[in-house]
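Below is one structure; the comments refer to it alone.
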Amino acid sequence: MNSEPESAFPSYQVGTFALVRHQDDVLLVRPYQLLLPGGPQSLPGALVDIQHSGLGVVETALRRLLLSQLSISVSEFWLVGSHTLRTPGPDGQAIPRLNLIFGTDYCSGILNPQPLGFKSAIWVPRSQLMERVPEWLSAALFELEKVVPPPGPRGGSVPARRHRAFSLAPLRER
């Protein structure tokens with residue numbers, strides 16, 4: 001039996017974020033609460049509700065966030081980056097966080113950020129992101145191109161490899 005009282009706050013946090021690509025552009029948002037380090041621009045995402053873990057697949061929650069908060073739908077997700085950091089907790093103690101970045105391609109919808117979720121959202125040409133971006137973002141962009149090359153002139157793309165990170169998809173899709 002454990003004699004220590006359970007904390008009302010989690011001992012760690014997990015953030016999930018989407019690196020959405022549309023042709024040669026990348027989606028950046030300006031959230032009201034910054035969850036990623038590196039400046040006012042960020043990737044769309046959220047903290048996973050650890051209190052209710054096991055009730056859903058994180059990729060599904062991320063897909064729902066993109067649809068409900070930005071009005072876009074995306075293709076399958078590929079884990080393209082991760083990093084850790086410490087954030088201040090409500091009691092002043094630092095809480096460790098693991099951020100997972102899933103790369104994906106835009107499928108449909110008209111970008112329409114909802115005011116309750118984001119201040120703004122824009123498509124930024126990838127060429128403008130090569131300098132002055134956080135290391136975690138440049139590494140994720142590089143990995144996304146390795147995993148799923150950008151569409152060619154005919155609009156199609158063929159994944160460089162077929163394994164899926166953190167996927168619970170049925171075997172028939174693999």
Side-chain angles (χ1 to χ4, degrees), residues 1-21 25-70 72 74 76-104 111 113-124 126 128-148 163-169:
M1 221 173 152
N2 188 355
S3 61
E4 294 181 31
E6 285 191 35
S7 171
F9 305 107
S11 58
Y12 67 95
Q13 297 175 327
V14 176
T16 57
F17 300 91
L19 176 57
V20 183
R21 178 177 59 188
D25 296 341
V26 174
L27 177 62
L28 293 182
V29 297
R30 291 196 69 185
Y32 290 105
Q33 178 186 9
L34 288 174
L35 298 175
L36 290 169
Q41 275 76 22
S42 187
L43 299 176
L47 296 179
V48 174
D49 183 4
I50 295 175
Q51 306 299 345
H52 297 98
S53 64
L55 297 179
V57 179
V58 294
E59 292 95 324
T60 303
L62 193 53
R63 190 176 304 283
R64 286 181 182 146
L65 179 131
L66 292 170
L67 188 57
S68 67
Q69 295 294 316
L70 296 167
I72 62 169
V74 295
E76 65 183 305
F77 286 111
W78 299 80
L79 182 64
V80 295
S82 64
H83 65 273
T84 59
L85 57 100
R86 291 190 167 286
T87 60
D91 59 356
Q93 295 291 328
I95 298 175
R97 181 187 306 158
L98 170 64
N99 289 328
L100 303 173
I101 302 168
F102 293 93
T104 186
L111 185 59
Q114 299 303 305
L116 293 176
F118 301 102
K119 294 176 188 176
S120 64
I122 58 169
W123 294 106
V124 177
R126 188 181 185 291
Q128 291 181 11
L129 295 176
M130 296 316 296
E131 296 179 14
R132 293 175 266 128
V133 297
E135 183 180 348
W136 58 263
L137 180 55
S138 61
L141 285 165
F142 178 77
E143 186 65 20
L144 179 59
E145 283 193 0
K146 282 184 9 186
V147 173
V148 183
H163 89 285
R164 297 178 195 203
F166 293 104
S167 176
L168 298 177

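Since we're looking at a predicted model, the values are computed, not measured.
Here CZ of Phe77 is found 8.5 Å from OG1 of Thr60. Values are rounded to the nearest 0.5 Å. Trp123 contributes atom CH2, which lies 4.5 Å from atom CD1 of Ile72 (distance to the nearest 0.5 angstrom). Within the model, atoms CD1 of Ile122 and CG of Leu111 stand 9.5 Å from one another, a figure rounded to the nearest 0.5 Å. Taking CG from Leu34 and CD from Gln41, the interatomic distance works out to 9.0 Å, rounded to the nearest 0.5 Å. Atom CG of residue Leu144 and atom CG of residue Leu19 lie 5.5 Å apart, to the nearest 0.5 angstrom.
Leu43 is listed as a side-chain neighbour of Leu137, based on a closest heavy-atom distance under 4.5 Å. Under the 4.5 Å side-chain criterion, counting only non-hydrogen atoms from C-beta, Leu116 is not in contact with Tyr32. Under the 4.5 Å side-chain criterion, counting only non-hydrogen atoms from C-beta, Val14 is not in contact with Leu47. Looking at heavy atoms from C-beta onward, Glu145 lies in side-chain contact with Arg21 at the 4.5 angstrom threshold. You'll find the side chain of Leu70 stays beyond 4.5 Å of the side chain of Val20, heavy atoms only. At a threshold of 4.5 Å between non-hydrogen side-chain atoms, the residues Trp78 and Glu143 do not count as touching. Using a 4.5 Å cut-off on side-chain heavy atoms (C-beta onward), Phe118 and Ser42 make no contact. Pro44 has its side chain within reach of Leu27: a pair of non-hydrogen atoms, C-beta onward, lies under 4.5 Å apart.
When every heavy atom of Pro96 is checked against every heavy atom of Arg86, the shortest pair comes out as CD-NH1, 3.7 Å. The minimum heavy-atom distance linking Pro40 with Arg30 is given by the pair CB-NH2, 3.6 Å. Leu65 and Ala46 make their closest contact through CD1-CB, 4.0 Å (heavy atoms, listed as atom of the first residue, atom of the second, distance). Gly45 and Leu62 get closest at one heavy-atom pair: CA-CD1, 4.0 Å. Of all heavy-atom pairs between Gly38 and Pro134, the closest is CA-CG, 3.8 Å.
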Per-pair distances, 0.1 Å, donor-acceptor, side chain in residues 97-104, under 3.5 Å, sequence neighbours excluded:
residue : atom : partner : partner atom : Å
Arg97   : NE   : Gln13   : OE1          : 3.1
Arg97   : NH1  : Leu35   : O            : 2.6
Arg97   : NH2  : Gln13   : OE1          : 3.3
Asn99   : ND2  : His83   : NE2          : 3.1
Thr104  : OG1  : Ser75   : N            : 3.3
Thr104  : OG1  : Ser75   : O            : 2.9
Thr104  : OG1  : Ser75   : OG           : 3.2
Thr104  : OG1  : Glu76   : O            : 3.2

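Under the 3.5 Å distance criterion, the side-chain polar atoms of Arg63 are matched with a main-chain donor or acceptor of Val74. In this structure a side-chain-to-backbone donor-acceptor pair under 3.5 Å is present from Gln69 to Gly117.
Environment of CD in Glu135: sparse, with no more than 12 heavy atoms of neighbouring residues, nucleotides or ligands closer than 6.0 Å.
With sequence neighbours excluded, no residue forms a side chain to side chain contact (heavy atoms under 4.5 Å, CB included) with Leu67.
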